[in-house]
2 protein chains.
Amino acid sequence: MPSEPKAALAAGKLAEYEQLSKIYDDIIKQPRPHLTVEGQGKVLLVLADEDRLSQRQLANRLAMSPQSVNEFVYKLVSRGLVTLDSSPRDKRVKLVSLTSAGRETIENAAREVPTFLRALSDDELSQLTELLDKVTKAMYTDIDNANPTAGVKLHKLFASRYLNRFKKQKM
Amino acid sequence: MPSEPKAALAAGKLAEYEQLSKIYDDIIKQPRPHLTVEGQGKVLLVLADEDRLSQRQLANRLAMSPQSVNEFVYKLVSRGLVTLDSSPRDKRVKLVSLTSAGRETIENAAREVPTFLRALSDDELSQLTELLDKVTKAMYTDIDNANPTAGVKLHKLFASRYLNRFKKQKM
DNA sequence: TCTTGTTAGTCAGGGTACCTGACTAAGGAG
DNA sequence: CTCCTTAGTCAGGTACCCTGACTAACAAGA
């Protein structure tokens with residue numbers, strides 16, 4: 001395997017990017033209401049894809065414990081971004097739905113493409129997308145092999161989110 | 001700007017990668033002692049680059065509050081990965097040094113290149129590195145423009161870390 | 001030399017993202 | 001009408017971060 005150094009360099013850059021993206025939002029996007037891609041933000045993201053889900057369904061789609069989902073849902077309720085109403089069919093389940101404010105929040109967040117991507121040309125953007133696609137695919141198979149139950153649940157989450165936008169813009 | 005959809009796709013893939021990498025380590029790397037790239041792990045990373053730093057210097061290099069650094073340092077002390085001894089020159093400062101166990105920990109962590117990168121060929125790895133380099137450079141300039149005081153401190157952190165490894169392997 | 005201002009570290013307390021364990025209320029199967 | 005499962009929830013815990021307030025040490029000026 002002569003590819004070690006190159007892989008190490010790529011790994012370093014990937015780590016650097018991850019690190020930077022954490023502080024980037026805090027420093028740069030002060031004006032715009034940015035949606036974090038974790039916790040409450042993840043819940044909103046799933047709901048944008050499919051509304052009126054039970055907390056259990058959310059937990060499954062997010063590969064997260066139901067207790068955590070519960071916590072995030074109630075925080076979102078208190079922020080007025082989602083509502084809870086019990087299902088008529090099953091009194092145990094409480095359906096989570098986006099409010100118009102919640103829907104607006106995700107729309108705004110999805111609309112904003114990080115400015116630092118302006119450094120790349122169209123060709124480079126396509127290249128990057130393709131490379132990351134290979135990387136994430138490899139990650140999914142690794143995850144699936146290690147733990148078949150946990151994987152794949154959030155697979156379509158981001159892809160579908162951004163693909164939806166793409167389709168909408170084309171029409 | 002006709003590049004919007006392509007940028008959006010790339011942004012989506014980037015978000016997907018970030019999301020996955022969070023859960024990837026938890027699921028996959030159970031056997032190996034993985035070093036997280038945050039909190040205590042960040043501190044170790046800086047110390048690997050330059051040992052015997054004051055907590056203040058660590059805070060500066062990590063663009064983090066001194067209180068947080070203090071917390072992580074003491075956690076590392078209790079794990080036996082670093083030691084504290086007061087500077088002879090200035091009784092206020094306590095120098096943080098890696099123990100041999102600490103050094104071993106980072107060496108092991110740095111040695112391991114994520115397996116999902118095996119999905120890429122050497123050429124693709126170089127491409128990815130180059131593209132991410134452009135992206136991170138753009139992020140650094142954004143950060144610098146928005147807040148000249150905070151930026152650039154961790155700039156060399158990851159790069160130097162992995163470049164060092166690269167150089168060592170070449171010799 | 002004594003005061004004044006700065007600096008390094010630290011304590012207290014707070015916020016968010018998670019987690020496990022234990023419990024209740026409702027549903028379903030026999 | 002039991003018995004088991006399921007959806008939600010409460011309690012409590014960990015890690016990563018932050019701000020505010022305080023002490024001890026240092027450094028500079030009167």
Side-chain angles (χ1 to χ4, degrees), chain A residues 18-19 21-27 30 34-46 52-79 81-96 147 150 154, chain B residues 18-19 21-27 30 34-46 52-79 81-96 147 150 154:
Chain A
E18 283 178 63
Q19 199 53 45
S21 79
K22 278 181 208 160
I23 63 169
Y24 186 85
D25 288 342
D26 284 344
I27 300 181
Q30 252 130 30
H34 184 62
L35 188 68
T36 53
V37 213
E38 53 189 352
Q40 306 174 41
K42 280 201 259 188
V43 172
L44 285 183
L45 223 44
V46 182
R52 278 185 80 74
L53 292 172
S54 74
Q55 299 187 29
R56 209 84 202 178
Q57 290 172 307
L58 281 170
N60 285 339
R61 278 177 181 56
L62 288 168
M64 192 189 290
S65 79
Q67 292 95 322
S68 298
V69 171
N70 188 260
E71 177 185 336
F72 301 140
V73 165
Y74 275 96
K75 283 178 180 170
L76 289 169
V77 168
S78 73
R79 288 170 60 194
L81 301 181
V82 305
T83 53
L84 281 175
D85 52 325
S86 28
S87 156
R89 260 193 289 284
D90 187 336
K91 279 172 204 157
R92 287 172 308 172
V93 348
K94 296 188 179 174
L95 277 344
V96 185
N147 185 348
L154 48 154
Chain B
E18 283 179 63
Q19 199 53 46
S21 79
K22 279 182 206 160
I23 63 169
Y24 186 85
D25 288 341
D26 285 343
I27 300 182
Q30 251 129 32
H34 183 63
L35 187 69
T36 54
V37 214
E38 51 190 352
Q40 305 174 43
K42 279 201 264 187
V43 172
L44 285 183
L45 223 45
V46 182
R52 279 184 78 74
L53 291 172
S54 74
Q55 298 187 30
R56 209 83 202 179
Q57 289 172 306
L58 281 170
N60 285 339
R61 278 176 181 56
L62 288 168
M64 194 188 290
S65 78
Q67 293 94 323
S68 298
V69 171
N70 187 260
E71 177 186 336
F72 301 139
V73 164
Y74 275 96
K75 282 178 180 171
L76 288 169
V77 168
S78 74
R79 288 170 62 195
L81 300 182
V82 305
T83 53
L84 281 176
D85 52 326
S86 30
S87 157
R89 258 194 290 284
D90 187 337
K91 281 171 201 158
R92 287 172 309 173
V93 350
K94 297 187 179 174
L95 276 344
V96 185
N147 185 349
L154 48 153

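Please read all numbers here as calculations on a predicted model, not as lab measurements. Here is the naming used below: chain letters follow the sequence lines, and residue numbers restart at 1 for every chain.
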Nearest-Å distance for atom pair [atom1]/[atom2], residues [X] and [N]:
X	N	atom1	atom2	value
B:Leu76	D:dA15	CG	P	12 Å
A:Arg89	D:dA7	CZ	P	14 Å
B:Met64	D:dC16	CE	C1'	8 Å
B:Glu38	D:dC17	CD	P	5 Å
A:Leu84	D:dA7	CG	P	15 Å

State, yes or no, whether a side-chain contact exists between [X] and [Y] at a heavy-atom distance under 4.5 Å.
X	Y	result
A:Phe72	A:Met64	yes
A:Arg52	A:Asp85	yes
B:Ser54	B:Leu95	yes

Checklist line | Criterion side chain to side chain contact (heavy atoms under 4.5 Å, CB included) against B:Leu53, the qualifying member of B:Val73, B:Val96, B:Val93, B:Leu58 | finding: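 Result for side chain to side chain contact (heavy atoms under 4.5 Å, CB included) with B:Leu53: B:Leu58.
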
Checklist line | CG-CD distance between B:Asn60 and B:Gln55, expressed to the nearest 0.5 angstrom | finding: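 Reported to 0.5 Å precision, the distance equals 12.0 Å.
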
Notebook entry, point to check: Want to settle it: does A:Asp90 or A:Ser65 sit nearer the 5' end of DNA chain C, counting the closest nucleotide to each?
Noted result: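 Looking at DNA chain C, the more 5' nearest nucleotide goes with A:Ser65.
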
Item checked: Sugar-phosphate only, base, or nothing, as touched by A:Ser68 at under 4.0 Å among non-hydrogen atoms ->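 Base, at least one base heavy atom under 4.0 Å.
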
Next item on the list: Give the first and the last nucleotide of DNA chain C, reading 5' to 3', that has any atom under 4.0 Å from a heavy atom of chain A.
Entry: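 First-to-last contact on DNA chain C, by the 4.0 Å heavy-atom rule, is C:dT16 to C:dG27.
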
Item checked: Non-hydrogen atoms of A:Lys94 and A:Tyr74 that approach each other most closely ->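 The answer is NZ-OH, 3.5 Å.
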
Margin query: Heavy-atom nearest nucleotide on DNA chain D for A:Glu71 versus A:Leu95: which residue maps closer to 5'?
Written below: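 Its nucleotide being nearer the 5' end, the pick is A:Leu95.
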
Note to self: For a quick test of reading the model: is some side-chain N or O of A:Arg56 closer than 4.0 Å to OP1 or OP2 of D:dA7?
What the structure shows: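 So the side-chain polar atoms of A:Arg56 do come within 4.0 Å of the phosphate oxygens OP1 or OP2 of D:dA7, strictly under.
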
Next item on the list: Taking only the side-chain nitrogens and oxygens of B:Lys75, find out if one of them lies under 4.0 Å from OP1 or OP2 of D:dC16.
Entry: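 Affirmative; the distance criterion is met.
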
